[in-house]
Each structure stands twice: as C-alpha cells, then as structure tokens.
Number of protein chains: 2
Amino acid sequence: MAQTLEIIGERWSLLVLREVFLGVRRFAAIQAATGAPRAVLTRRLETLVAAGVLQRRAYREAGTRARHEYRLTPAGRELQPVLTALMQWGDRHLAWPEGPPLRVTHAGCGAPVRAALRCDAGHVLDDTGRELQAIPR
Amino acid sequence: MAQTLEIIGERWSLLVLREVFLGVRRFAAIQAATGAPRAVLTRRLETLVAAGVLQRRAYREAGTRARHEYRLTPAGRELQPVLTALMQWGDRHLAWPEGPPLRVTHAGCGAPVRAALRCDAGHVLDDTGRELQAIPR
DNA sequence: CGGGCTGAGTTCGAAAGCTGAACTCAGATG
DNA sequence: CATCTGAGTTCAGCTTTCGAACTCAGCCCG
C-alpha cells in the first residue's frame with residue numbers, strides 16, 4: 001500500500017487519473033478539469049508515465065503540429081476499483097445537496113456499480129471488513 | 001472524489017487508517033508502524049477525527065494515567081474497500097520478491113478477498129472499468 | 001523524596017512542495 | 001510579420017513536512 005501511494009498518493013494524481021478515465025486526455029483539458037497548477041501537472045504526468053500507469057503518445061489534429069495525449073495503460077485501468085471505492089465513500093458520507101455529482105452504471109444492465117469486497121470463492125462481504133482476516137507477510 | 005481526498009488524501013492518512021484497521025490504536029504504535037513524524041501524525045489524527053472517520057477515546061491501562069486511543073467509526077470502516085483496492089493494485093503491479101506483504105482472506109471460507117466492481121443487479125465486472133458508463137449530474 | 005521513564009504531544013529551523021503569475025517555444029493562422 | 005495556442009518552464013512567496021529536541025504529567029524505583 002505504501003508503495004502504491006508513493007505513485008498515486010500525491011496531491012492531484014488521483015484526480016488526474018479520474019479525468020483520464022473519463023476520456024480527458026490532453027494536457028490543457030486535464031489542467032482545466034482538475035485545476036492543478038501546470039507545473040505540478042507536468043510532474044504528476046511524468047510520475048504516472050514513469051510508473052507505467054499512463055502512456056504518453058503523440059497525436060496530431062488536422063492542421064496543427066504534433067501534441068501529446070495521455071492514455072491509461074492496462075495497469076492504469078486496473079486502478080478503477082480504487083477510484084470507484086473513493087467515489088462511493090464520498091457519495092455515502094459527504095452531504096450532496098443535489099445528489100452525487102457522477103453516477104456510474106453497468107453498461108450492460110444499467111444498474112449502479114460499486115466497489116465490493118468479494119472473495120475468490122464468490123462470496124460478497126460487507127463493506128466494513130468485519131469478515132476479513134489479515135495474515136501478515 | 002475530490003472531497004474524499006481532502007480528508008484521506010493527505011500523506012500518511014491512509015497508512016494511519018491501515019494500521020487502525022489492523023488493530024493498532026495507540027499514538028506511539030501508529031507512529032512506529034507508519035514512520036510518520038509525530039507532529040504530522042497529531043494533525044492527521046485530528047483531521048480524521050474531525051471528519052468522523054476515527055473516534056478518539058480515553059483508555060486506562062492498569063497503573064498508568066488515562067491515555068487516548070483511536071478507533072474506527074462506522075464511516076471509517078467503510079473505507080475498507082479503498083484500502084483493499086490500493087493493496088491489491090500494489091500486489092499486482094509492483095514486484096514483491098517474496099510475495100505480497102499482507103494477505104487478506106475471507107474469515108468464513110479462507111479464500112483471498114479482493115475489491116471487485118459489482119453492479120446492484122449482482123454482475124461482477126472486470127477491474128478495468130471497460131463495462132462502466134459514467135453519467136455526470 | 002528525587003531521578004528516571006513513558007506516552008503523547010509541541011516547538012524549532014531547514015528542506016521540500018505547492019501556488020499563481022509571468023515567461024518560453026514551436027508551429028499554424030491571418 | 002504579428003498573433004494565437006498548447007505545453008511547458010521559471011520564479012518568488014507561501015505552506016507543509018521533516019527530524020530532532022524539548023515539554024509535561026503521572027508512575028516507578030531506590
């Protein structure tokens with residue numbers, strides 16, 4: 001966990017990733033969406049690329065010079081449960097005057113999606129970890 | 001998500017919570033386990049208590065004066081999926097020479113537990129969010 | 001009684017990080 | 001040629017963090 005937080009635990013990192021998940025890929029757009037200062041954003045993107053979470057690739061819009069965009073790598077996409085869990089906690093425990101700002105549903109069936117604890121035998125545990133057993137090392 | 005990160009997104013917060021989840025409740029023990037500077041730890045604990053994630057309560061060991069310990073509130077316990085998701089990502093994507101440092105299993109059946117995306121209709125989605133649909137408010 | 005120990009802080013100066021605003025640079029546009 | 005834009009970089013000021021030293025209350029020991 002500590003190692004993971006080294007990569008994505010810095011200010012802005014997870015907000016940047018949220019935007020990329022939502023399809024915002026270009027520097028200026030990420031900057032506008034998150035409000036992160038440009039200097040910080042530059043460094044965060046570098047870190048995330050170096051960690052293999054994002055991939056920087058050139059793109060070219062008709063009649064402009066080449067720019068970069070940032071896309072999720074497979075490893076980056078696997079951070080989805082982290083984002084979902086964070087969102088879900090906020091939705092539950094912070095007061096939203098007009099409902100949660102983003103709803104996430106299963107594209108297949110339309111039902112809301114949540115991050116659940118589930119064991120490999122298929123049991124779904126409750127969110128509080130009461131049924132968990134931790135075995136160090 | 002941004003609001004949630006305001007509370008638990010600062011350096012050390014999640015590591016502190018991990019320790020409390022593991023049953024480490026006293027200031028000095030949390031400090032030793034996380035390595036956070038004491039001054040910072042004091043402030044983090046204050047923040048977490050103010051946010052209703054932890055509860056500070058007095059305790060007294062035989063023959064010592066009263067001290068405090070920090071316990072999870074129900075809201076705090078619901079952060080378990082966040083911790084699990086972070087741990088799981090690290091286990092998968094960072095190289096562990098001798099296996100992951102902590103294994104978490106279902107107390108009922110002994111199978112490893114993971115944070116999975118699951119819709120309210122009961123479907124389990126893959127971790128990459130490919131089957132997700134986001135609907136902004 | 002006096003000195004030392006412990007848990008939980010607080011205080012300090014130095015180092016690192018964040019912020020907002022200004023500056024750069026390359027290529028496209030007019 | 002002057003201007004615009006996206007993506008940075010630089011800079012000065014501020015905040016946060018770091019690690020080490022200091023405090024303080026009550027207990028224990030001799």
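Within every chain, numbering begins at 1; the chains are lettered A, B, ... in the order of the sequence lines, protein sequences first and strands thereafter.
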**OP:** Return the set of residues passing side chain to side chain contact (heavy atoms under 4.5 Å, CB included) with A:Arg137 (not counting sequence neighbours), or none when no residue passes.
**Re:**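 Partners of A:Arg137 by the side chain to side chain contact (heavy atoms under 4.5 Å, CB included) criterion, ordered by chain and then number, come out as B:Glu98.
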
**OP:** Quick one: list whatever passes side chain to side chain contact (heavy atoms under 4.5 Å, CB included) with B:Pro101, sequence neighbours left out.
**Re:**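 By the side chain to side chain contact (heavy atoms under 4.5 Å, CB included) rule, B:Pro101 matches B:Asp91, B:Trp96.
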
Subject >> Student check: side-chain heavy atoms of A:Arg56 and A:Leu45 closer than 4.5 Å >> reply: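 No, their side chains stay 4.5 Å or more apart.
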
Subject >> Close side-chain approach of B:Gln133 and A:His106, heavy atoms under 4.5 Å >> reply: no

Can I get a per-line list of side-chain donor-acceptor pairs under 3.5 Å for residues 30-43 of chain A, giving both atom names and the distance, sequence neighbours left out?
residue, atom, partner, partner atom, Å
A:Gln31, NE2, A:Ala36, O, 2.9
A:Thr34, OG1, A:Ile30, O, 2.9
A:Thr34, OG1, A:Ala36, N, 3.2
A:Thr42, OG1, A:Arg38, O, 3.0

Subject >> Close approaches to DNA chain D from residues 3-16 of chain B, in residue order (heavy atom, under 4.0 Å) >> reply: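 Under 4.0 Å from DNA chain D: B:Arg11, B:Trp12.
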
Subject >> Residues touching DNA chain D, which here means a heavy atom under 4.0 Å, drawn from residues 19-41 of chain B >> reply: B:Pro37, B:Arg38, B:Val40

**OP:** Please report how far the helix from C:dC1-D:dG30 to C:dG30-D:dC1 bends, comparing the axis fitted to its first five pairs with the axis fitted to its last five, to the nearest 10 degrees.
**Re:**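 The end-segment axes of the helix from C:dC1-D:dG30 to C:dG30-D:dC1 are tilted 10° relative to each other.
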
Original post:
Taking CZ from B:Arg44 and C1' from C:dG9, how many angstroms apart are they, rounded to a whole number?
Top reply: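 B:Arg44 atom CZ is separated from C:dG9 atom C1' by 16 Å.
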
Any [X] side-chain nitrogen or oxygen under 4.0 Å from OP1 or OP2 of [N]:
X: A:Arg56; N: D:dG8; answer: yes
X: A:Tyr59; N: D:dA7; answer: yes
X: B:Arg43; N: D:dC18; answer: no
X: A:Arg67; N: D:dG8; answer: no

Solution key, residues 74-81 of chain A side-chain donor-acceptor pairs under 3.5 Å, sequence neighbours excluded:
residue, atom, partner, partner atom, Å
A:Arg77, NH2, A:Leu72, O, 3.3
A:Glu78, OE1, B:Arg92, NH1, 2.7
A:Glu78, OE1, B:His93, NE2, 2.8
A:Gln80, NE2, A:Thr84, OG1, 2.9

Subject >> salt bridge (Lys or Arg N to Asp or Glu O under 4.0 Å) partners of B:Glu19, counting only residues at least two apart >> reply: none

Subject >> Residues forming a side-chain hydrogen bond (donor to acceptor under 3.5 Å, both in side chains) with B:Arg25, sequence neighbours excluded >> reply: none

Original post:
With sequence neighbours left out, what residues match A:Arg130 under side-chain hydrogen bond (donor to acceptor under 3.5 Å, both in side chains)?
Top reply: A:Thr128

For residues 1-18 of chain A, which side-chain N or O atoms pair as donor and acceptor with protein atoms under 3.5 Å away, sequence neighbours left out?
residue, atom, partner, partner atom, Å
A:Thr4, OG1, B:Leu86, O, 3.4
A:Thr4, OG1, B:Gly90, N, 3.4
A:Ser13, OG, A:Glu10, O, 3.4

**OP:** Kindly write out the residues that satisfy ring pair (Phe, Tyr, Trp, His ring centres under 6.0 Å) with A:His68, not counting sequence neighbours, or none if the list is empty.
**Re:** none

